[in-house]
Amino acid sequence: MADYRELWESLDMDLEKHDELCQVLPEFYGDIYMTQEKRPEGMNYFNFVISEIHGLRIKELNEHRKNGKKVFGSFCVFVPDEVILAADGIGVGLCGGSEFWVPDGEKVLPRNMCPLIKASVGAKISGTCPYFQSADMLVGETTCDGKKKAWEILEDYIPMHVMDLPQMKREKDKENFKDEIKIFKEKVEEVTGNKVSAESLKETIKLVNNKRKTLQRLYNTRKAENLPISGKDALLITQVAFYDDTNRFIDKVNELCDELENRIEEKVSVFKEGTPRILLTGTPMAIPNWKMHHLIETSGGAVVCEEACTGTKYFERLVDEDNEDLDSQLRALSERYMGINCACFSPNDGRIDDIIRLYKEYNADGVIYNSLPFCHTYAIEYKKVKDALEKEGIPVIMIETDYSLQDAGQINTRLEAFFEMI
Ligand code: BJ8
């Protein structure tokens, strides 16, 4: 990797501590990703993106900022990228997926809470994540209690805007979320100094829809009997979608899909015949959290789909493109986003329908319900999901685990037993 120290210094980073992080990541990635056999050629781009994770993209963001563009960091798939892009801003997903940041998060947060929140806050306050350091504003949302209270702590470090997400899905809630998107649009206009017009929003609605369609194309290849790509690789691509340049990402994923579709025709598979196909559902897996996928795919299973925000929740359902005025565009955005079935909603039966539908679409053999510790909404929702799946005769197990690798052996044993049974 080129020398980015000057750049990192200009972002007010803790260089010494950041060095520690840079030392572990390549080996960690190498062990998990580069040991896979028959990886598609198209994954080379993603290897490159990871090797430059704190380099090239940060340099690009820095150049954009020098040209007056603003960067918005977010933590949830409810924050509409379309609005940021329409004001010529850049959105980056910032959820923390590394154990490295947890101790710093614990300096200001209770220990007994979700590692995603601790890592996200820790990444900011430790000054070791250049994406946080490149953001001009963070956008939070009132989803779970942990997140909404964490924003109150983060606002001491960086300007925050918090979107009020309804907790139910009635007509009035969709109307409320439309108003929230409008308030967010006004904030983005204030920060960027650019107006969001119906024309610019129409264009970015199309652009973000194209990104969704590209990911849909990728995921469609995972429905094939012979799997042309591992679950681990597919997860990595979804994670990169949150911060890469949108147009470049679309091009690279489409190139990869050409290769994967050829593989399907030629019956090339990265797994041996009869490998149990797993639908993974639950809490999001922020980069570099590859733990569950790695454990599943080294215990004899293959992940064929993720019903998660780093998965189908991110790209299923498109925004209606046929609206010419801002008011109807905002309504269309609210409609699309309020279709996401996060466990923060009550009731959330749509998620159960999604899981059953995806299980069938991807020809899965079993469901693994993955939850981060102290995520009450997802943990509680397991009961309803389990009952519904059992009624359908779909095998399911719940695995609650954080980012550390201490429980890896124990999870392996449980997975192996589950794969034998299905
Ligand atoms: S839409 S899943 S990205 S809120 S895992 S921090 S819920 S305690 S991340 Fe999420 Fe938006 Fe929902 Fe998706 Fe809280 Fe649970 Fe932690 Fe979570």
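Since this is a predicted model, take the numbers as computed values, not measurements. Just so you know, ligand 1 is whichever comes first in the structure, and atom 1 is the first atom listed for that ligand. When a residue number appears, it is its place in the shown sequence, counting from 1.
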Point to revise | Neighbour list for ligand 1 [protein residues, heavy atom under 4.0 Å] | key: F75, C76, V77, F78, C114, I117, T143, C144, K147, T283, P284, C309, C342, L372, C375, Y378
**Study point:** Cation-pi geometry met for K124 and Y157 (6.0 Å, 45°)
**Key:** no
Check your understanding: Should the ring pair F75 and F132 be called parallel, tilted or perpendicular, given that the plane angle runs from 0 to 90° and is split at 30 and 60?
Key -> tilted
Point to revise | Any pair counted as ring-ring contact (aromatic ring centres under 6.0 Å, His included), so long as it reaches residues 306-325, sequence neighbours left out | key: Y219-F315, F242-Y314
Practice item. Fit a plane to each ring of Y33 and Y29, take the angle between them on a 0 to 90° scale, and name the class: parallel (under 30°), tilted (30 to 60°) or perpendicular (over 60°). Key: parallel
Exercise for review: Mind telling me whether H18 and H54 have parallel, tilted or perpendicular rings, with 30° and 60° as the class edges?
Suggested key: parallel
Review point. Under 4.5 Å between any side-chain heavy atoms of V79 and F184, yes or no?
Key: yes
